[in-house]
Amino acid sequence: MSDKVQVVLIAIAWAGAVAVGGALLLRALRYRSLRQSLLVLCLTTVGAVIAATIGTAHAMFLSHHDYGVLLIVSGVVAVLMAGVSAIYARMLVASSRALTAEAREIGVETLDHRRPVGARTVRPGSSELLELSRELDAARGRLAESRAREAALETSRRELVAWVSHDLRTPLAGIRAMAEALEDGVAEDEDRYRKQIRMEVDRLAGMVDDLFELSVINAGALRLSLDRISLADLVSDTLAGADALARERGVALRGHADANVAVRADGRELSRLMSNLVVNAIRH
């Protein structure tokens, strides 16, 4: 066996012994701090090199002086690398803790106190941690979008309730006024009032059917049914629907439109709009 082969085998034996010891120590520390595991890994690597160097030097029968110098150099290198390893391990641990804090904040951030996407407290110390930080930023962005959609949906729900309440109050006020007029015997044309009450009830039934349509409006998917609408008929129907409420409030209603003038619009929606405007004017 040649000298070179012997040196290689000796180096493998010494370095392997240190590596096995380090692997066992890493296994024992697998549930401990990342800093300790990094220190053990770095020191195991340095220790394996030093052990292989000292083992081969001992087999080469170096002089006591040269062997002592080798030991001193190995000790200095070990101490130096231990310090460097400790510093780098501290940096990685700090980055890891910062990312942990970022992940913890994702679940507790509010819409008013949300850290901007991309803002980092500590710069990641490795490409893997940097990738993890980017994924956390992406998750924060998706969560922010989800919260914004949730807030928009809540706002839309409140607006929908307000719209429905407003639309329901309009015909109910007219029905109530006409019913009271019939009960008190002050209605000038009882048959007309009864017919108008039935029309308003039909409107209420239509509004109940329109609840789904309102949600469609809120979603921005409204499809209008456009037809030619006579403005004279629209004005006449609007005044008739609000007449009872106007009489109750002491308001005189007048309206006129040229019978030859027509518009292209959704008759039901336009009638609702005009009725709301006139009833609001009467009330206020």
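When reading the values below, keep in mind they use all heavy atoms of this one structure, side chains included, and skip hydrogens, waters and symmetry mates.
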Q: Look at atom CD of Glu150 and say whether more than 12 heavy atoms of other residues, nucleotides or ligands are closer to it than 6.0 Å.
A: no

**Q.** Approximate separation, where rounding is to 0.5 Å, of Ile229 CD1 and Glu269 CD
**A.** 11.5 Å

Q: Mind running side chain to side chain contact (heavy atoms under 4.5 Å, CB included) on Thr238 and Leu277 for me, showing each step along the way?
A: CA-CA 10 Å; Thr238 301; Leu277 289 175; over 6 Å; no

Q: Say whether Val40 and Val49 are linked into one hydrophobic cluster, either directly or through other cluster members, by side-chain heavy-atom distances under 4.5 angstrom.
A: no

**Q.** For the student: nearest non-hydrogen atoms of Ala177 and Glu248, plus distance
**A.** CB-OE1, 3.2 Å

Q | Leu245 CG to Leu172 CG distance, which is reported to the nearest 0.5 Å | A | 11.5 Å

Q: Could you tell me which non-hydrogen atom of Ala262 sits nearest to which non-hydrogen atom of Arg228, and how far apart they are?
A: CB-NH2, 3.6 Å

Q) Between Val278 and Ala242, which heavy-atom pair has the shortest distance, and what is it? A) CG1-CB, 3.8 Å

Q.
Could you check whether any side-chain N or O of Ser236 sits under 3.5 Å from a backbone N or O of Ala232, counting only pairs where one atom can act as donor and the other as acceptor?
A. no

Q. Can you tell me how far CE of Met199 sits from CG of Asp237, rounded to the nearest 0.5 angstrom?
A. 5.5 Å

**Q.** Side chain to side chain, Leu231 and Val263, heavy atoms closer than 4.5 Å
**A.** yes

Q: Could you tell me whether a side-chain N or O of Ser146 sits under 3.5 Å from a main-chain N or O of Arg142, the two making a donor and an acceptor?
A: no

Q: Please report the shortest heavy-atom distance between Arg254 and Leu239, naming the atom on each side.
A: C-CD1, 3.9 Å

Q. Of the non-hydrogen atoms in Ala244 and Gly174, which two are nearest, and what is the gap between them?
A. CB-O, 4.0 Å

Q. Hey, any chance Leu226 and Leu273 share a hydrophobic cluster, counting ILVMFWY side chains that come within less than 4.5 Å of each other, even indirectly?
A. no

Q. How many angstroms lie between atom CZ of Arg147 and atom CD of Glu154, to the nearest 0.5 angstrom?
A. 15.0 Å

Q. With a 4.5 Å limit on heavy-atom distance, are the side chains of Arg272 and Asn276 in contact?
A. yes

Q: Measure the shortest side-chain to side-chain distance between Glu190 and Leu182 over non-hydrogen atoms and say whether it is less than 4.5 angstrom.
A: yes

Q: Decide, yes or no, whether a salt bridge links Asp191 with Lys195 under the criterion of side-chain N to carboxylate O below 4.0 Å.
A: no

Q: Answer whether the closest heavy-atom distance between the side chains of Ile50 and Val18 falls below 4.5 Å.
A: no

Q: Grab the two heavy atoms, one from Pro171 and one from Leu204, that are nearest each other, plus how far apart they are.
A: CG-CD2, 3.2 Å

(Q) Taking Leu234 as the starting point, is it possible to reach Val261 by hopping between hydrophobic residues whose side chains are less than 4.5 Å apart? (A) yes

Q) So how far is it from Arg247 CZ to Met178 CE, rounded to the nearest 0.5 Å? A) 11.5 Å

**Q.** Distance (rounded to the nearest 0.5 Å) between Leu270 CG and Arg264 CZ
**A.** 13.5 Å

